[in-house]
Amino acid sequence: MPELPEVETVRRGLAQWVVGRTIRTVDVHHQRAVRRHLAGAADFTAGLIGRRVVDTRRRGKYLWLPLDSGDAVLAHLGMSGQLLMLDATAPAGPHLRVSFRFDDDGPQLRFVDQRTFGGLSRSIGGAVLPPEIAHIAPDVLEDACDDDVFHAKLRRRHTGLKRALLDQSLISGVGNIYADEGLWRAKLHYARATETMRRPDTTRLLDGVRSVMASALDQGGTSFDSLYVNVNGESGYFDRSLAVYGRRDEPCPRCGTPIHRESFMNRSSYLCPHCQPRPRNPHW
DNA sequence: CCTGCCGCCTGCGCGC
DNA sequence: TGCGCGCAGGCGGCAG
């Protein structure tokens, strides 16, 4: 499940493999992969051929490849999307959605996505910041992410803390896994009413999210010696760095209390019932 | 305007 | 063995 560290790992891989190369052909193998390109697959492709990739950028879980035309290839990996660099002779595989060939006949860029929640589009004039993601707030690792601004927005909300953390228009890059991990590090409960957050609470929360993401990034960013642009959440840090996510009944690394799994927002939330006590006035 | 819920997808693992 | 179901979950759209 790609969240910010995984997407950033992919972006770094792409920076090595595609910047400076010119697109020769683009094949859309599955229409759903370009559904966000409203003008259709043919239009998506037409504006890419002959264009040179000049950079790689990311905000939150979105990444984009600015082109020399001023447009950009905008990508979201969804639940299961991968951007892979593969030799032309590599087999297509059942989940191949879009493939890019370059005019140097070098490794191809392939968008592979089992569950098809992800997708690509061509963002018109989106090289600097695609207008399609104007509603996405700066992510937790950006300089543009102002902690005071986030705190003020949080206090104006009337909802639970985890819901707010997952709202990409408030702060971006955080998904279910890093939300749970960040809340655990900050010793905060997911149902804490956002309007009751004090500045030190917000500081702890942001510290928690940033630190867990930083260590994930450290451990995810080690495998660029092959053509494979790592997006697979199962590899590397996934098992080692997580304190609570997916660890029901295992001891809390801090206090030993068995981790709880609770259903919240129709998904799993993992927490330590001792370190993260339920607030007196929870906001579900 | 704000909040919260639904639908979109596929593969895996479990219980009967 | 096989079938059905729950689960994984990000996000756009929309209802209230």
Side-chain angles (χ1 to χ4, degrees), chain A residues 1-8 10 28-38 58-64 74-83 92-98 111-121 123 130-137 139-140 150 152-183 190-197 209 213 216 231-235 238-239 242 244-249 260-271 281-284:
Chain A
M1 304 119 199
E3 300 181 32
L4 189 154
E6 293 76 29
V7 179
E8 174 61 13
V10 171
V28 176
H29 308 285
H30 196 301
Q31 295 294 311
R32 188 173 151 76
V34 294
R35 68 193 179 285
R36 299 231 198 281
H37 191 83
L38 300 179
R58 182 190 57 74
R59 167 163 283 190
K61 304 173 202 173
Y62 284 89
L63 69 83
W64 65 98
L74 178 62
H76 195 291
L77 302 177
M79 291 297 301
S80 54
Q82 296 174 297
L83 286 166
H95 306 305
L96 177 63
R97 308 304 184 198
V98 182
F111 179 63
V112 175
D113 189 14
Q114 178 201 104
R115 281 183 262 186
T116 71
F117 279 22
L120 308 180
S121 64
S123 177
E132 293 89 340
I133 61 168
H135 64 292
I136 302 293
D139 67 58
V140 288
F150 173 65
K153 284 186 185 175
L154 206 51
R155 297 257 319 171
R156 284 197 291 273
R157 284 291 177 101
H158 301 280
T159 190
L161 187 54
K162 182 170 174 181
R163 211 185 286 275
L165 204 47
L166 294 175
D167 184 340
Q168 307 295 301
S169 68
L170 208 51
I171 196 162
S172 72
V174 185
N176 198 43
I177 294 172
Y178 293 102
D180 282 2
E181 293 297 314
L183 288 166
Y190 63 79
R192 171 71 175 270
T194 50
E195 59 267 43
T196 68
M197 287 288 281
V209 170
M213 284 188 171
V231 65
N232 189 339
E234 286 127 37
S235 63
F238 200 76
D239 290 292
L242 301 181
V244 290
Y245 186 84
R247 299 191 180 278
R248 173 158 59 164
D249 296 334
H260 273 195
R261 176 192 175 277
E262 298 178 10
S263 192
F264 172 67
M265 294 172 70
N266 289 323
R267 64 184 65 181
S268 291
S269 284
Y270 295 90
L271 76 163
N281 302 303
H283 201 314
W284 306 108

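What's counted below: heavy atoms across the whole structure, side chains too, no hydrogens, waters or symmetry copies. Residue numbering restarts at 1 for every chain, and letters A, B, ... go by the order of the sequence lines.
- Between atom OH of residue A:Tyr270 and atom CZ of residue A:Arg261 there is a gap of 5.0 Å, rounded to the nearest 0.5 Å.
- Not a single side-chain hydrogen bond (donor to acceptor under 3.5 Å, both in side chains) links A:Arg248 to another residue, sequence neighbours left out.
- With rounding to whole Å, A:Gln168 atom CD is found 15 Å from C:dG13 atom P.
- Note: CG (A:Asp139) to C1' (C:dG10) measures 16 Å, nearest angstrom.
- In this structure, CG in A:Leu165 is found 8.5 Å from CG in A:Leu154, a value given to the nearest 0.5 Å.
- The side chain to side chain contact (heavy atoms under 4.5 Å, CB included) check on A:Glu262 picks up A:Tyr190, A:His260, A:Leu271, A:Arg278, with sequence neighbours excluded.
- When side chains are defined from C-beta on, A:Val209 counts as touching A:Val174, because their heavy atoms get closer than 4.5 Å.
- Looking at heavy-atom distances under 4.0 Å, A:His135 makes contact with sugar-phosphate atoms alone, never a base.
- Rounded to an integer number of Å, the gap from CD of A:Glu132 to P of C:dG13 is 12 Å.
- Judged as a side-chain hydrogen bond (donor to acceptor under 3.5 Å, both in side chains), and not counting sequence neighbours, the contacts of A:Ser123 are A:Glu132.
- Remark: A:His76 is not in phosphate contact with C:dG12, judged by side-chain N or O atoms under 4.0 Å from OP1 or OP2.
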For nucleotides 2-4 of chain B, give me every protein contact, N/O to N/O, under 3.5 Å, one pair per line with atom names.
unit_1: B:dT3; atom_1: OP1; unit_2: A:His158; atom_2: N; d: 2.9
unit_1: B:dT3; atom_1: OP2; unit_2: A:Arg157; atom_2: NE; d: 2.9
unit_1: B:dG4; atom_1: OP2; unit_2: A:Thr159; atom_2: OG1; d: 2.5
unit_1: B:dG4; atom_1: OP2; unit_2: A:Arg163; atom_2: NE; d: 3.4

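- Under the 3.5 Å distance criterion, the side-chain polar atoms of A:Ser269 are left unmatched by any main-chain donor or acceptor of A:Phe264.
- For DNA chain C, runs of at least 3 consecutive pairs of the Watson-Crick or G-U wobble type, with both hydrogen-bonding distances under 3.5 angstrom, map to B:2-16 with C:2-16.
- The side-chain hydrogen bond (donor to acceptor under 3.5 Å, both in side chains) check on A:Arg58 picks up A:Glu8, A:Asp139, with sequence neighbours excluded.
- Under 4.0 angstrom from either OP1 or OP2 of C:dG10 there lies at least one side-chain N or O belonging to A:Arg267.
- The interatomic distance linking A:Asp113 (CG) with B:dG11 (P) rounds to 11 Å, in whole Å.
- For A:Lys61, there are no side-chain hydrogen bond (donor to acceptor under 3.5 Å, both in side chains) partners two or more places apart in sequence or in a different chain.
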Using atom names, set out every protein N or O paired with an N or O of nucleotides 13-15 of chain B below 3.5 Å, distance rounded to 0.1 Å.
none

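- Side-chain atoms of A:Gln82 never come within 3.5 Å of backbone atoms of A:Phe111 as a donor-acceptor pair (strictly under, hydrogens ignored).
- Note: CG (A:Leu4) to P (C:dC11) measures 11 Å, nearest angstrom.
- To the nearest angstrom, P of C:dC7 lies 15 Å from CD of A:Glu262.
- Contact check, A:Arg261 against C:dA8: a side-chain N or O comes under 4.0 Å of OP1 or OP2.
- Under the salt bridge (charged side-chain N to carboxylate O under 4.0 Å, His left out) criterion, the residue pairs touching residues 165-177 of chain A are A:Arg157-A:Asp167, with sequence neighbours excluded.
- A sub-4.0 Å separation between OP1 or OP2 of C:dG10 and a side-chain N or O of A:Tyr178 is absent.
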Between the protein and nucleotides 6-9 of chain B, which nitrogen or oxygen pairs are less than 3.5 angstrom apart?
unit_1: B:dC8; atom_1: O3'; unit_2: A:Arg32; atom_2: NH1; d: 3.1
unit_1: B:dC9; atom_1: OP1; unit_2: A:Arg32; atom_2: NH1; d: 2.9
unit_1: B:dC9; atom_1: O5'; unit_2: A:Arg32; atom_2: NE; d: 3.2

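- Looking at residues two or more places apart in sequence or on another chain, you find a salt bridge (Lys or Arg N to Asp or Glu O under 4.0 Å) between A:Asp180 and A:Lys162.
- Residue A:Leu63 contributes atom CG, which lies 16 Å from atom C1' of C:dC11 at whole-angstrom precision.
- In this view, A:Ala193 and A:Glu195, A:Thr196, A:His283 satisfy the side chain to side chain contact (heavy atoms under 4.5 Å, CB included) rule, not counting sequence neighbours.
- Between the C1' atom of C:dG12 and the CD1 atom of A:Ile133 lies a distance of 15 Å, rounded to the nearest Å.
- Atoms CD1 and OG, from A:Ile177 and A:Ser268 in turn, are 11.0 Å apart once rounded to the nearest 0.5 Å.
- For A:Leu166, taking side-chain heavy atoms from C-beta onward, the closest of the listed nucleotides C:dG10, C:dC7, C:dC11 is C:dG10.
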